[in-house]
Amino acid sequence: KAKTINFGLLYGMGSQKLSDTLQISTKEAKELIESYFASFPTVKEFLESIKEGAKRDGFVETLFGRKRFFDFKNIGARDEATYLREAVNTVFQGSAADIIKCAMLKIDEYITQNNINARMVLQIHDELIFECDEKEAQEAASIFQGLMESVVNLSVPLKTSVNIGKNWGELK
């Protein structure tokens, strides 16, 4: 429930969507949102600053400087609300995409330079899946985890988890 609220609010979920997702009343969802923002006022301020910047500048940027542009001229309230949700979403998900792409490049470079018998086979959002020899799996996982956690310097540490299995179904 907490994870749904946390990520939902960061990505612009309103009380109706939260109500539907958690199968609670709209009134209860609205109270949860108000309580969340009362507990974390700086989160609300940050989200509002993203929206204000998007309206003022006509774009938002990811941590790595990629821009997404918005044309707020001649739009209705519904389209404006959509653009503002997309602006917040771009900052978070766009930055996450930038980070995982940098990690992929760093790991690929490491594999090539060190002639590691492993290959990246899949990326799903913030997850990377590799194939490698069973004997080398633990060492490769440890190295790749370190590379991912050090790919960018943030004010909070990046943390990753590792799962090893013989097939994709064993990874969770």
Side-chain angles (χ1 to χ4, degrees), residues 1-13 17-18 21 32-33 35-54 57 59-70 84-172:
K1 194 173 185 179
K3 185 176 180 181
T4 299
I5 294 167
N6 189 52
F7 284 102
L9 296 181
L10 288 179
Y11 296 123
M13 182 184 287
K17 176 71 173 168
L18 184 61
T21 303
L32 283 170
I33 291 170
S35 175
Y36 178 91
F37 285 133
S39 298
F40 305 104
T42 55
V43 172
K44 185 170 181 108
E45 290 168 15
F46 181 63
L47 297 177
E48 290 303 317
S49 74
I50 293 171
K51 293 173 187 179
E52 289 168 12
D57 303 330
F59 67 90
V60 293
E61 288 186 75
T62 67
L63 283 175
F64 287 79
R66 283 190 307 120
K67 292 181 182 178
R68 179 165 180 192
F69 292 89
F70 298 92
L84 294 175
R85 273 193 309 279
E86 289 174 1
V88 170
N89 188 285
T90 296
V91 171
F92 288 100
Q93 287 192 329
S95 295
D98 291 346
I99 292 169
I100 195 74
K101 287 173 189 164
C102 289
M104 292 167 70
L105 291 169
K106 192 172 187 178
I107 290 169
D108 184 64
E109 180 182 3
Y110 184 89
I111 289 171
T112 302
Q113 288 180 349
N114 294 281
N115 200 25
I116 304 294
N117 187 15
R119 66 185 186 115
M120 197 176 323
V121 294
L122 192 59
Q123 178 228 344
I124 306 168
H125 303 291
D126 60 350
E127 296 180 7
L128 299 177
I129 299 176
F130 299 87
E131 283 183 350
C132 69
D133 285 342
E134 190 173 347
K135 295 176 223 142
E136 298 176 20
Q138 191 60 54
E139 182 181 357
S142 179
I143 291 167
F144 298 164
Q145 182 177 25
L147 292 170
M148 289 179 77
E149 290 180 347
S150 66
V151 73
V152 64
N153 258 338
L154 300 173
S155 59
V156 294
L158 283 177
K159 292 293 181 187
T160 62
S161 59
V162 172
N163 293 294
I164 297 174
K166 292 180 189 271
N167 60 56
W168 192 10
E170 291 182 9
L171 295 180
K172 294 268 176 174

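For clarity, every value in this text was computed on a predicted model and none was experimentally measured. Note that these values count all heavy atoms, side chains included, but never hydrogens, waters or copies made by symmetry.
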Exercise. Heavy-atom distance under 4.5 Å between the side chains of Thr160 and Phe144, does that happen here?
Worked result: no
- request: Would you indicate whether the side-chain heavy atoms of Glu170 and Asn167 approach each other to under 4.5 Å?
  value: yes
With a 4.5 Å limit on heavy-atom distance, are the side chains of Leu47 and Phe92 in contact? yes
Taken to the nearest 0.5 Å, the spacing of Lys1 NZ from Leu18 CG works out to 9.0 Å
All heavy atoms of Pro41 vs all of Ala38, minimum pair found to be CD-O, 3.6 Å
Beyond-backbone contact of Gln93 with His125, side-chain heavy atoms, under 4.5 angstrom: no
Note to self: Using side-chain heavy atoms (C-beta onward) and a distance below 4.5 Å, is Leu154 in contact with Leu63?
What the structure shows: yes
Rounded to the nearest 0.5 Å, the CD atom of Gln145 sits from the OG atom of Ser150 at a distance of 10.5 Å
The reported gap from CD in Glu52 to CG in Asp57 (rounded to nearest 0.5 angstrom) is 11.0 Å
With Phe46 as partner, the option from Ile50, Thr42, Val43 fulfilling side-chain contact (heavy atoms from CB on, under 4.5 Å) is Ile50
Rounded to the nearest 0.5 angstrom, the OG1-CD distance for Thr90 and Glu61 is 11.5 Å
**Message:** Is it the case that atom CD in Glu139 sees more than 12 heavy atoms from other parts of the structure closer than 6.0 Å?
**Reply:** no
- Would you call Leu171 and Trp168 a side-chain contact if the rule is heavy atoms closer than 4.5 Å? yes
Looking only at heavy atoms, the pair that brings Ala137 and Cys132 closest together is CA-SG, 3.5 Å
Exercise for review: Taking Thr112 for its side chain and Asp108 for its backbone only, find out whether a donor-acceptor pair lies under 3.5 Å.
Suggested key: yes
#### Entry: Asn114 (side chain) donor-acceptor with Tyr110 (main chain) under 3.5 angstrom
yes
Note to self: Any non-hydrogen side-chain atom of Ile111 less than 4.5 Å from a side-chain atom of Arg119?
What the structure shows: no
So CE of Met148 and CD1 of Ile107: to nearest 0.5 Å the spacing works out to 5.5 Å
(Q) Strictly below 4.0 Å, N to O, side chains only: are Glu109 and Lys106 in salt-bridge contact? (A) no
Can you confirm whether more than 12 heavy atoms, excluding those of Gln138, are under 6.0 Å from its CD atom? no
So CG of Leu105 and CG of Leu147: to nearest 0.5 Å the spacing works out to 12.0 Å
Measuring only between side-chain heavy atoms, which start at C-beta, is Leu84 closer than 4.5 Å to Phe70? no
For Ile164 and Ala141, the nearest pair of non-hydrogen atoms, with its separation, is CD1-CB, 4.0 Å
- Message: Does Asn153 have more than 12 heavy atoms from other residues, nucleotides or ligands lying within 6.0 Å of its CG?
- Response: no
In terms of heavy-atom contacts, Met104 and Met120 come closest through O-CE, 3.5 Å
